[in-house]
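We name chains A, B, ... by the order of the sequence lines, and we start the count at 1 in each one. All values below come from the heavy atoms of this structure, side chains included, with hydrogens, waters and symmetry mates left out.
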2 protein chains.
Amino acid sequence: MSTDTTRSAILTAAERLYAERGFGDVTLRDIVAAAGVNLAAVNYHFGSKDELIAELFVTRSIATNRERFNELKAAESAGGGRAPIEAVLRALIGPTLRGCLGQDSERSDAARFMIRAAIETIPPIRKIKNREIDHLRKFAAAMRRSLPGKPDAEIYWGLHFALAMAQQTVRDSERLLRLSEGICDLDDVDGVIDRVVAVASLALKTGTTGTGEAAVSRRR
Amino acid sequence: MSTDTTRSAILTAAERLYAERGFGDVTLRDIVAAAGVNLAAVNYHFGSKDELIAELFVTRSIATNRERFNELKAAESAGGGRAPIEAVLRALIGPTLRGCLGQDSERSDAARFMIRAAIETIPPIRKIKNREIDHLRKFAAAMRRSLPGKPDAEIYWGLHFALAMAQQTVRDSERLLRLSEGICDLDDVDGVIDRVVAVASLALKTGTTGTGEAAVSRRR
DNA sequence: GATAGTTTCATACAGCTGTTTGAATTGCAA
DNA sequence: TTGCAATTCAAACAGCTGTATGAAACTATC
């Protein structure tokens, strides 16, 4: 059916271009040129540019969340309902990092698109973003199971920092590469994931409530 | 002198609008309306929109770097040329976090503008960004002095993660607030700085070379 | 107070944006 | 084949964008 090839050609091209150049720099004419279809096809199949972006975002959002969630449940059921904190964090950041830093170009486009969407907040996406909060809450709950007794604030900060390190690694990998003159190996995806998980879990296991050396050094 | 008030009115309004809504959503007409000046004034005083953005970015970039550098040198000279790693990290992330999370609206606009500029890479800014690498290299050198014997890769990863946590905290403070339902206190700027410094320095002091529990748990 | 230089202003311009239109083409059932 | 719906297409649309223009208003010097 030719409908579907046009539709999916638009989706694929749009995702790739948005991933590469961001939302601001890509026009509908760029997309249809890359997809090899007529300009009017976008409005015919999606209604508007915003609805195209929204469909892209919703689809990928659901896929990423499912991937994360499957990893989490696998880890938890392997441990009898409670996974080590490292496994929970790995389920949270693994899918995105594997997608962005890995070699598979389709996965890479998808992951980079999501990173863009997470940063450059544009109207069609802003509305959908609320769901992500609920999704992250499930991970906070899993982390609470991994670290019983840990104050909630610590859990949230740990989750926040883990996502921060993973996202920044994807977004600004070029700066890290140039700064380190290639010493930091970003092609070793599992190594990068290990690093982020290690730092985040270390922070979560240790108390970081501002009574540590950092706060002390601040107070002279 | 009326020249300067128009010029600076444009700069102030532009910085605020860019900080609030990002580069994609703000037009010259928005800026001149907010500044209360004529449309043609932008091209008269700055030559073009891109040059306005570039001036904004260069000015703030120099100011931020100087602020960071002064803090670093103060800490190092207090310790006889070698500062504790916590102080180095604090000098790196303190200025931005204080600017963004603090109450001073002018500083806040400046800091948020810089965060936007760091993310939404647009042509006029991309060219200037190379200087930042050199600036960060100075901090890497200071970190090396703080932690003699630490492998360079660890230094760069630590620097990268510290910036990641600070920037994400600014960029997505709303998500963290909603996720934690207000439990995480972002108004306590020094507390936030302490947290980031604590996690980053903890990671740097401990070995995170992928031989830790995270990597082990991955390998089952 | 006339003059020269600077700054402001309303207005126009060309280019690009997302969207619409109506005709042409295609695919498929009767 | 005929008829009908779905899809594609070239062309045009109105709106907004950054920029340019030339006249008007201002400022300061003589």
Side-chain angles (χ1 to χ4, degrees), chain A residues 1-58 113 116-117 120-128, chain B residues 1-58 113 116-117 120-128:
Chain A
M1 47 191 95
S2 74
T3 295
D4 202 70
T5 61
T6 298
R7 248 187 86 95
S8 56
I10 292 173
L11 286 169
T12 305
E15 183 166 62
R16 182 171 59 80
L17 290 178
Y18 284 139
E20 285 173 1
R21 321 210 307 241
F23 293 104
D25 276 352
V26 178
T27 72
L28 281 190
R29 284 170 176 81
D30 293 335
I31 294 171
V32 297
V37 303
N38 187 271
L39 173 61
V42 171
N43 288 277
Y44 177 77
H45 286 283
F46 298 94
S48 71
K49 184 191 186 184
D50 280 5
E51 288 173 89
L52 163 63
I53 294 177
E55 171 153 344
L56 223 35
F57 183 70
V58 169
F113 170 84
R116 291 271 191 196
E120 306 173 22
T121 329
I122 56 176
I125 287 179
R126 210 167 303 168
K127 300 168 190 164
I128 311 167
Chain B
M1 48 194 99
S2 77
T3 296
D4 203 70
T5 61
T6 299
R7 248 188 86 95
S8 58
I10 292 173
L11 286 169
T12 306
E15 184 167 62
R16 182 172 59 81
L17 290 177
Y18 284 139
E20 284 172 2
R21 319 208 307 241
F23 294 103
D25 277 350
V26 178
T27 72
L28 281 189
R29 285 170 176 79
D30 293 335
I31 293 172
V32 297
V37 303
N38 187 269
L39 173 60
V42 172
N43 287 276
Y44 177 76
H45 286 282
F46 298 94
S48 70
K49 183 189 186 185
D50 281 5
E51 290 173 87
L52 164 62
I53 295 178
E55 169 152 346
L56 223 35
F57 182 70
V58 168
F113 171 83
R116 291 269 190 198
E120 305 173 21
T121 330
I122 57 177
I125 287 178
R126 209 169 302 166
K127 302 167 191 168
I128 312 167

Short heteroatom pairs, N/O only, protein and nucleotides 14-18 of chain C, under 3.5 Å:
from   : atom 1 : to    : atom 2 : distance (Å)
C:dG18 : OP1    : A:K49 : NZ     : 2.6
C:dG18 : OP2    : A:L28 : N      : 2.9
C:dG18 : N7     : A:R29 : NH1    : 2.9
C:dG18 : O6     : A:R29 : NH2    : 3.0

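In this structure, B:I10 and B:V42 have side chains that are in contact, with non-hydrogen atoms separated by less than 4.5 Å.
For B:S48, the side chain to side chain donor-acceptor pair (under 3.5 Å) partners are B:E51, not counting sequence neighbours. For A:F113, the ring-ring contact (aromatic ring centres under 6.0 Å, His included) partners at least two apart in sequence or on another chain are A:F23. In this structure A:F46 satisfies the ring-ring contact (aromatic ring centres under 6.0 Å, His included) test with no other residue, sequence neighbours excluded.
Within the nucleic acid shown, B:A40 comes within 4.0 Å of at least one base atom, counting heavy atoms only.
Evaluation of the salt bridge (Lys or Arg N to Asp or Glu O under 4.0 Å) test over residues 38-50 of chain A, restricted to residues two or more places apart or in two chains, returns none. Residues in residues 18-36 of chain B take part in these salt bridge (Lys or Arg N to Asp or Glu O under 4.0 Å) pairs, two or more places apart or across chains: B:R16-B:E20, B:R21-B:D30. Residues in residues 32-45 of chain A take part in no salt bridge (Lys or Arg N to Asp or Glu O under 4.0 Å) pair, two or more places apart or across chains.
Close to D:dA6, at under 4.0 Å from its OP1 or OP2, lies no side-chain N or O of A:H45. Contact annotation: B:N38 does not reach the phosphate of C:dT7 (side-chain N/O to OP1 or OP2, under 4.0 Å). Under 4.0 angstrom from either OP1 or OP2 of D:dT8 there lies at least one side-chain N or O belonging to A:T6.
Remark on the helix from C:dG1-D:dC30 to C:dA30-D:dT1: inter-end axis angle 0°, axes from five-pair C1' superpositions, rounded to 10°.
To the nearest 0.5 angstrom, B:S8 atom OG is 9.5 Å from B:H45 atom NE2.
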